Novice: 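First the structure, then my questions, so here it is.
A quick note: this is a predicted structure, and the numbers were derived from the prediction, not measured.
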Amino acid sequence: MNNYKTEIENVRKKIMSTNQAAKEWGYANKDSVKRLCREGKVASFKLDEQDPTSPYIILREQPNPKDK
């Protein structure tokens, strides 16, 4: 079980939510980041592609879209 916890923690360090991304990148709210995700302007995926309310998972180590 400890191995899985370590693996999960390693994954968590590599990803962020739309809310975290908005704060880190200086956007007014997470909706701005969601739009960027839908438009393919940030590396992301929906946790469940079949569920329209599913959250986006965003790769943390990518440039701020404002800097592109």
Side-chain angles (χ1 to χ4, degrees):
M1 187 65 154
N2 283 338
N3 237 5
Y4 292 121
K5 279 186 163 188
T6 302
E7 194 169 335
I8 290 290
E9 284 306 313
N10 288 338
V11 170
R12 288 187 73 182
K13 291 176 186 174
K14 295 178 182 181
I15 60 174
M16 62 183 162
S17 68
T18 52
N19 195 38
Q20 290 169 314
K23 289 177 184 173
E24 225 172 270
W25 291 339
Y27 286 92
N29 56 51
K30 65 182 179 182
D31 292 331
S32 299
V33 176
K34 285 181 183 180
R35 180 180 44 76
L36 293 169
C37 291
R38 285 192 303 274
E39 294 172 352
K41 295 184 178 177
V42 297
S44 65
F45 67 93
K46 285 193 124 198
L47 191 56
D48 180 352
E49 291 290 338
Q50 305 303 315
D51 180 0
T53 63
S54 178
Y56 284 96
I57 305 300
I58 300 169
L59 184 62
R60 185 177 294 281
E61 293 182 16
Q62 64 182 302
N64 183 332
K66 290 181 179 182
D67 297 339
K68 290 183 179 178

Novice: Check whether Val11 and Phe45 end up in the same hydrophobic cluster, where Ile, Leu, Val, Met, Phe, Trp and Tyr are linked by side-chain heavy atoms less than 4.5 Å apart.
Specialist: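 Linked within one cluster.
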Novice: To the nearest 0.5 Å, tell me how far Ile57 CD1 sits from Ser44 OG.
Specialist: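 With rounding to 0.5 Å, CD1 (Ile57) is 9.0 Å from OG (Ser44).
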Novice: Partners of Glu61 by salt bridge (Lys or Arg N to Asp or Glu O under 4.0 Å), sequence neighbours excluded?
Specialist: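 None.
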Novice: Can you tell me how far the CG atom of Asp31 sits from the OG1 atom of Thr18, to the nearest 0.5 Å?
Specialist: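 With rounding to 0.5 Å, CG (Asp31) is 8.0 Å from OG1 (Thr18).
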Novice: For a quick test of reading the model, state the closest non-hydrogen atom pair linking Leu59 to Lys14 and the distance between them.
Specialist: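 Answer, listing the atom of Leu59 first, then Lys14: CD1-O, 3.5 Å.
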Novice: Mark yes when over 12 heavy atoms from residues, nucleotides or ligands other than Lys13 sit less than 6.0 Å from its NZ; otherwise mark no.
Specialist: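 12 or below, so no.
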Novice: Take Tyr27 and Leu36 through the test side chain to side chain contact (heavy atoms under 4.5 Å, CB included) and record every step on the way to the result.
Specialist: CA-CA 11 Å; Tyr27 286 92; Leu36 293 169; 3.5 Å; yes
Novice: What about Ile15 and Ile8, same hydrophobic cluster or not, with Ile/Leu/Val/Met/Phe/Trp/Tyr joined at side-chain heavy-atom distances under 4.5 Å?
Specialist: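 Unlinked, Ile15 and Ile8 end up in two clusters.
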Novice: So how far is it from Lys23 NZ to Met16 CE, rounded to the nearest 0.5 Å?
Specialist: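 If we round to the nearest 0.5 Å, Lys23:NZ and Met16:CE are 12.5 Å apart.
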Novice: Please list all pairs passing the salt bridge (Lys or Arg N to Asp or Glu O under 4.0 Å) test where one or both residues lie in residues 43-60, with sequence neighbours left out.
Specialist: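 Non-adjacent pairs meeting salt bridge (Lys or Arg N to Asp or Glu O under 4.0 Å): Glu24-Arg60.
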Novice: Run Val42 and Trp25 through side chain to side chain contact (heavy atoms under 4.5 Å, CB included) and show every step you take.
Specialist: CA-CA 12 Å; Val42 297; Trp25 291 339; 3.7 Å; yes
